[in-house]
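Here is the structure we will look at.
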Amino acid sequence: MTRENLENTAVPDRQTLEWHEGDMPYSQEFGDHFYCREDGRLECGHVFLSGNGLPGRWQRPGEFRIGELGFGTGLNFCETWRQWKETRPQGGELHFVSFERFPMRPGDIDRALSRWPEIDVEREALVAQWPEKPSGYVTLDVGSDIRLTVVCGVAFDEIADFSGMFDAWYLDGFAPRRNPDMWSGELMRLVCDKTVERGTFATYAAAGFVRRNLEAAGFTIERRPGFGAKREMLSGVKSTSRVA
């Protein structure tokens, strides 16, 4: 069942979770885990940070804005925050904006992230501020130079209404075969429209229709080695000339 199909049926405000291997959340609605079974934290570093040239690209004064499709457990944010604290530039600010249709409850986030002691500090700070029933815009000032905004709602509508532009994107919806609407041509064009010139994206997904949609949207695509058992991943740069 796709995300749009879910939104057109009587669906609760959160997903139905199963817990595999003790603390790994699995969505019954989408039939998929929230992160790879090898090591989701290391996958985040390999795919999303390295795939976007981070932390190197945020080594400048001013705001650097990351957009994410699918906040999930907050794992990508916590690992990005950890690396930001280790490498942040003087005069730099990070704004992490994530678009999530079904935000998790703080207890579930806490349980899902507890398997990684490397992000204990970030997990505890996130959970301490996270609302019990998140909705609308959830904005957390978690540090003097880093801000988290989670926009709860339908990704296409919320991105279209968002006023800012993005330097980098983490495309981290559920697997394309499980949730194809999150990887649609329309959504990828909108993502590209909201990306600064020479801005980037990265994703674990390498399905042919995902690559074609991103190319048609206006990104120049690079195939890279994937993480763990995945043979390939995709990253890309917004082209100087947009494909109509």
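These numbers come from a predicted model, not from an experiment.
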Margin query: Between W130 and F71 (judged by ring centroids, cut-off 6.0 Å), do the two rings come close enough to count as a pair?
Written below: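 Centroid separation for W130 and F71: below 6.0 Å.
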Check: What pair of heavy atoms forms the shortest contact from V47 to T203, and how long is it?
Finding: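 That closest heavy-atom pairing would be CG1-C, 3.5 Å.
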In the single-linkage hydrophobic clustering (I, L, V, M, F, W, Y; side-chain heavy atoms under 4.5 Å), do [X] and [Y] co-cluster?
X	Y	value
I119	L140	yes
L187	F209	yes
I146	Y137	yes
W116	V127	yes

Notebook entry, point to check: Should the heavy atoms of other residues, nucleotides or ligands under 6.0 Å from CD of E132 be counted, would the total exceed 12?
Noted result: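 Yes, the 6.0 Å shell around CD holds more than 12 heavy atoms from other groups.
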Check: Taking K230 for the side chain and A206 for the main chain, is one N or O donor matched with an acceptor at less than 3.5 Å?
Finding: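 Here the side-chain-to-backbone pair does not exist.
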Margin query: For C192, is there any backbone N or O sitting under 3.5 Å from a side-chain donor or acceptor partner on K238?
Written below: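 Yes, the answer is positive, given that a donor and an acceptor are paired below the 3.5 Å cut-off.
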Check: Is the closest basic N to carboxylate O distance between K85 and E122 below 4.0 Å?
Finding: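 So K85 pairs with E122 through a salt bridge.
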Item checked: Test: R123 and D120 ion pair at under 4.0 Å ->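 D120 and R123: salt-bridged.
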Checklist line | Gap between atom NZ of K133 and atom SG of C152 - 0.5 Å precision | finding: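 Answer rounded to 0.5 Å: 14.0 Å.
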Note to self: Which residue in the set R60, R57, R198, H95 passes side chain to side chain donor-acceptor pair (under 3.5 Å) when paired with D167?
What the structure shows: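 It is R60; the other options fail the test.
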Check: Which residue pairs pass the salt bridge (Lys or Arg N to Asp or Glu O under 4.0 Å) test when at least one of the two sits in residues 64-79, sequence neighbours left out?
Finding: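 Of all non-adjacent pairs touching residues 64-79, those that pass salt bridge (Lys or Arg N to Asp or Glu O under 4.0 Å) are R41-E79, E63-R65, E79-R82.
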Check: Would W84 and I66 count as a side chain to side chain contact (heavy atoms under 4.5 Å, CB included) if you check the C-alpha gap in whole Å, the side-chain angles of each, and the deciding distance to 0.1 Å?
Finding: CA-CA 12 Å; W84 169 261; I66 295 172; over 6 Å; no
Notebook entry, point to check: How far apart are the C-alpha atoms of L69 and I159, what are their side-chain angles, what is the distance that settles it, and do they pass the side chain to side chain contact (heavy atoms under 4.5 Å, CB included) test?
Noted result: CA-CA 10 Å; L69 297 187; I159 294 172; 3.4 Å; yes
Note to self: Given F201, which partner from the list F48, W169, F219 fulfils the ring-ring contact (aromatic ring centres under 6.0 Å, His included) test?
What the structure shows: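 Exactly one option meets the ring-ring contact (aromatic ring centres under 6.0 Å, His included) with F201, and it is F219.
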Next item on the list: Return the set of residues passing salt bridge (charged side-chain N to carboxylate O under 4.0 Å, His left out) with D157 (not counting sequence neighbours), or none when no residue passes.
Entry: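 Partners of D157 by the salt bridge (charged side-chain N to carboxylate O under 4.0 Å, His left out) criterion come out as none, since no residue qualifies.
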